[in-house]
Every structure is written in structure tokens, then in C-alpha cells.
Amino acid sequence: MPELPEVEVSRLGITPHLLHKQITAIKVRQPKLRWPVPEEIQQLVGFQIERISRRAKYLILHTANGNILLHLGMSGSLRVVPKDTPAGKHDHIDIVVDSDYSLRLTDPRRFGACLFQAEDTSPNPLLDNLGPEPLTDAFDGQRLYDLSRNRKQAVKTFIMDNKIVVGVGNIYANESLFLAGIDPRKAAGKVTKQHYLALGEIIKQVLAKAISQGGTTLKDFAQADGKPGYFAQELLVYGRNGEACVKCAEPIESVVIGQRNTFYCAKCQR
DNA sequence: ATTGACTCCTGATGGC
DNA sequence: TGCCATCAGGAGTCAA
């Protein structure tokens with residue numbers, strides 16, 4: 001479900017409820033997520049949440065005694081609920097704070113994760129090899145161009161590779177390539193520098209706009225207060241197989257690239 | 001070094 | 001109404 005905008009929207013939504021609050025309990029109803037939820041997270045009970053950051057699609061709750069890393073996988077979502085709110089079938093974890101609210105992780109498919117990190121600087125294979133954040137100056141089209149030379153993989157899978165740039169998932173990869181006029185099937189090494197420079201800027205714009213719209217709700221994504229995101233109505237190609245291209249009116253086509261559904265306009269994207 | 005396939009899991013949807 | 005196949009917003013891991 002969540003790509004970078006949805007994770008960032010979650011971070012912004014939960015922060016006012018959790019910042020500087022003390023953790024009073026961590027309830028793990030279902031420890032079988034992508035990896036087992038470690039016992040160590042119980043060490044954080046009694047400590048204050050000092051900061052809530054995001055790296056790629058990971059959310060990090062920082063305390064003086066260690067951090068909690070959260071990942072939402074395909075179907076995860078975070079809500080802030082009154083602490084005695086009855087738990088549903090897929091409400092796997094509650095992080096209860098001293099305002100008597102809980103941060104509740106819901107994740108039907110359980111591809112998400114809840115992990116422990118001893119310190120901000122602790123080595124972590126999940127975080128240490130990630131590419132740059134797309135909304136910072138460390139990422140731009142020049143980087144895409146430089147890293148793509150001689151690469152034969154499709155440009156779409158290239159920009160979804162977390163070592164190249166983090167946070168670009170299937171929806172925003174489709175949208176960005178459409179706006180940049182690049183055929184998603186094209187070999188990454190054959191895309192021109194000019195196209196990459198445009199694509200770099202477009203990725204930033206698309207992600208920033210999606211954040212400002214509260215993310216994309218396709219089916220079950222919700223912001224921390226339970227409201228949906230409104231970027232879905234902005235989608236130009238994702239899920240629009242057979243519909244008229246907004247630029248040229250030719251039908252949007254779909255093809256599978258890297259096991260993921262891909263939508264594009266064969267006339268506008270080359 | 002790159003690349004592509006497979007995998008984890010549940011729920012929604014559509015065809016028969 | 002039921003049953004079965006197919007498909008989902010991610011990404012680590014393995015093998016070629």
C-alpha cells in the first residue's frame with residue numbers, strides 16, 4: 001500500500017499525538033510480521049518518544065533507550081486511537097503512550113515490520129545500503145543518468161530500486177514516467193540525459209504533491225485520523241488500463257514489468 | 001555486478 | 001451462494 005508519500009503522511013499525522021509522550025505499554029498481539037517482532041522493543045516502555053523520523057519507507061520512533069522501526073509493507077497502516085479501542089483481527093501492535101492514546105499498526109497481509117534498533121547509529125542492513133531520499137538535493141536526474149549507463153533493466157524497475165533512489169513505488173513510478181514521457185519498458189541505459197533530468201524533477205514534484213494531498217488511497221490506506229488520501233483522483237495512468245490518455249486520448253495500455261503491473265501511453269511515452 | 005523470479009500473507013474481485 | 005483463480009501500494013533473498 002504505502003509508498004513514500006503515504007509513509008510521510010502517516011509520520012506527519014501521528015507526530016503531534018506521540019511527540020514527547022512516554023511509552024506506557026507495547027502490546028504485540030501478532031508477532032509474526034515480515035520478521036518476528038523482537039522482545040527488545042519492551043525495553044522502550046517508560047521512555048519518551050523524542051523524535052519521529054522517516055528513512056525511505058521506514059518510520060523510526062526514537063527514544064533514549066533505543067528506537068522502533070516500523071514498515072508498512074503492502075497493506076499496513078497506522079492510526080492513533082484511544083487506548084482502549086477494541087482491536088480488530090489485523091490490529092497487530094499497539095504502542096500506548098501516557099496521553100492514553102495508542103499508535104496502532106494494522107496490517108492484513110503482514111508484510112510490514114516492527115523492529116528494534118539500539119541506537120541511531122547501530123548498523124542495520126535494512127537502512128545502511130539505501131539510496132538517497134528523493135526529496136533532498138542528494139537525488140536528482142543527473143544521478144539517474146550516471147547510474148543508469150550500460151544498464152539493461154527497464155527504466156521502471158531502475159527507478160524503483162532502493163539503491164538508486166528510495167520511496168518510488170509502483171504507483172509513483174508509473175505516474176512519473178508518464179509525466180516525463182518515458183516508455184517504462186525502455187532499457188535504463190538508453191534513456192537520454194535530458195529525459196533523466198526531467199524525470200528527476202518530476203519524481204520530486206509527484207511525491208511532494210502526493211504528500212500534500214494526503215497520499216493515495218486505493219483501497220485501505222488511511223491517514224492517522226482515519227481519513228483517506230486524495231491523490232488517487234490525480235492519477236493519470238495508474239489503474240487506467242483502456243481509458244483515454246489525458247494527453248493524446250489513445251487508450252492507456254498495461255504490461256507486466258518486474259512482476260508489477262505497469263500502465264503507460266504507447267504514443268506519449270517513448 | 002546485474003537482473004529476474006520467488007516469497008511472505010490476507011482479502012477483494014470476477015468468472016463459472 | 002459457493003468455489004477457484006487472479007491480483008494487490010514492498011522488498012529481501014537467492015540463483016543464474
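The chains referred to below are lettered A, B, ... by the order of the sequence lines, with proteins before strands, and numbering in each begins at 1. Because only heavy atoms are used, hydrogens play no part in the values below, and waters and symmetry mates are left out as well, while side chains stay in.
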**Atom-to-atom span, CG of A:Asp107 to C1' of C:dG9 - whole angstrom** = 12 Å

**Prompt:** Taking the same atom, C1', in B:dT3 and in C:dG9, what whole-Å distance lies between them?
**Reply:** 23 Å

**Fill in**
To the nearest angstrom, the CG-P distance between A:Leu4 and C:dG9 comes to 17 Å

**Request:** Could you work out which one of C:dG12, C:dG10, B:dT2 sits closest to the side chain of A:Arg151?
**Result:** B:dT2

**Fill in**
Among C:dG12, C:dG9, C:dG10, the one nearest any side-chain atom of A:Lys57 is C:dG10

**Request:** Evaluate whether the aromatic ring of A:Phe111 and the six-membered ring of the B:dC8 base sit under 5.5 Å apart, centre to centre, with an inclination under 30°.
**Result:** yes

**Prompt:** Hey, quick one: are A:Leu59 and A:Val28 part of the same hydrophobic cluster, counting side-chain heavy atoms closer than 4.5 Å, chains of contacts allowed?
**Reply:** yes

**Fill in**
Contacts satisfying salt bridge (charged side-chain N to carboxylate O under 4.0 Å, His left out) that involve residues 60-86 of chain A (not counting sequence neighbours) are A:Lys83-A:Asp100

**Message:** Distance to the ring centre below 6.0 angstrom and angle to the axis at most 45 degrees; does that hold for A:Lys21 and A:Tyr101?
**Reply:** no

**Prompt:** Got a sec? Which of residues 253-263 of chain A come in under 4.0 Å of DNA chain C, heavy atoms?
**Reply:** A:Arg260, A:Asn261

**Prompt:** Any link between A:Val255 and A:Tyr172 through a network of hydrophobic side chains (Ile, Leu, Val, Met, Phe, Trp, Tyr) touching at under 4.5 Å?
**Reply:** no

**Message:** Whole angstroms only, please: what is the CG-P distance between A:Leu72 and B:dC9?
**Reply:** 19 Å

**Request:** Output yes when A:Asp91 and A:Arg104 qualify as a salt bridge under the 4.0 Å nitrogen-oxygen rule, no when they do not.
**Result:** yes

**Message:** In this structure, which stretches of DNA chain B are paired as stems of three or more consecutive Watson-Crick or G-U pairs, both distances less than 3.5 Å?
**Reply:** B:2-8 with C:10-16, B:10-16 with C:2-8

**Item:** A:Lys163 NZ to B:dT2 C1', straight-line distance once rounded to whole Å
**Value:** 9 Å

**Asked** Rounded to whole angstroms, how far apart are CG on A:Asp161 and C1' on C:dG12?
**Response** 12 Å

**Whole angstrom value for the distance that separates C1' of B:dG4 from CE of A:Met160** = 14 Å

**Message:** Distance alone, cut at 3.5 Å: any donor-acceptor contact between the side chains of A:Arg185 and A:Tyr264?
**Reply:** yes

**Item:** Spacing of A:Ile171 atom CD1 relative to C:dG9 atom C1', expressed in whole Å
**Value:** 5 Å

**Item:** Presence of A:His71 side-chain N/O under 4.0 Å of C:dG10 phosphate oxygens OP1/OP2
**Value:** no

**Item:** Inter- and intrachain pairs under salt bridge (charged side-chain N to carboxylate O under 4.0 Å, His left out), touching residues 44-55 of chain A, at least two apart
**Value:** A:Glu8-A:Arg54, A:Arg51-A:Asp120, A:Arg54-A:Glu133, A:Arg55-A:Glu133

**Asked** Contact class for A:Lys32 (heavy atom, under 4.0 Å): base, sugar-phosphate, or nothing?
**Response** nothing

**Item:** Separation of C:dA8 C1' from A:Glu6 CD (nearest whole Å)
**Value:** 14 Å

**Message:** Whether A:Asp94 and A:Arg29 form a salt bridge (side-chain N of Lys/Arg under 4.0 Å from carboxylate O of Asp/Glu) is what I want to check.
**Reply:** yes

**Message:** Between A:Leu130 and A:Leu144, is there shared hydrophobic-cluster membership here, with clusters defined by ILVMFWY side-chain heavy atoms closer than 4.5 Å?
**Reply:** no

**Closest to side chain of A:Arg109, choosing from C:dG12, C:dG10, B:dT10** = B:dT10

**Fill in**
Within residues 233-243 of chain A, the residues having a heavy atom closer than 4.0 Å to DNA chain C are A:Tyr238

**Prompt:** If you count the non-hydrogen atoms of other residues, nucleotides and ligands that lie under 6.0 Å from CG in A:Asp137, is the total more than 12?
**Reply:** no

**Message:** Need one value for A:Arg110: base, sugar-phosphate or nothing, where a base atom within 4.0 Å counts as base even if backbone is also close, heavy atoms only.
**Reply:** sugar-phosphate

Write down the protein N/O and nucleotide N/O pairs, taken from nucleotides 11-15 of chain B, whose separation is under 3.5 Å; answer none if there are no such pairs.
| residue | atom | partner | partner atom | Å |
| --- | --- | --- | --- | --- |
| B:dG11 | OP1 | A:Lys89 | NZ | 3.2 |
| B:dG11 | OP1 | A:His90 | NE2 | 2.6 |

**Message:** In whole Å, measure the gap between the P atoms of B:dC6 and C:dT6 for me.
**Reply:** 14 Å

**Prompt:** Can A:His17 and A:Ser99 be counted as having a side-chain donor-acceptor contact under 3.5 angstrom?
**Reply:** no

**Asked** OG1 of A:Thr217 to CD of A:Gln233: how many Å apart, nearest 0.5 Å?
**Response** 10.0 Å

**Request:** Tell me whether A:Tyr145 is reachable from A:Val168 by hopping between hydrophobic residues (I, L, V, M, F, W, Y) whose side-chain heavy atoms are closer than 4.5 Å.
**Result:** yes

**Message:** I'd like to know if A:Lys57 and A:Glu3 make a salt bridge, using a cut-off of under 4.0 Å between side-chain N and carboxylate O.
**Reply:** no

**Request:** For A:Tyr58, report the nucleic acid contact type (base, sugar-phosphate, nothing); a contact means any heavy atom under 4.0 Å.
**Result:** sugar-phosphate

**Asked** Do A:Leu105 and A:Val45 sit in the same hydrophobic cluster, where Ile, Leu, Val, Met, Phe, Trp and Tyr count as joined when their side-chain heavy atoms come under 4.5 Å apart?
**Response** yes

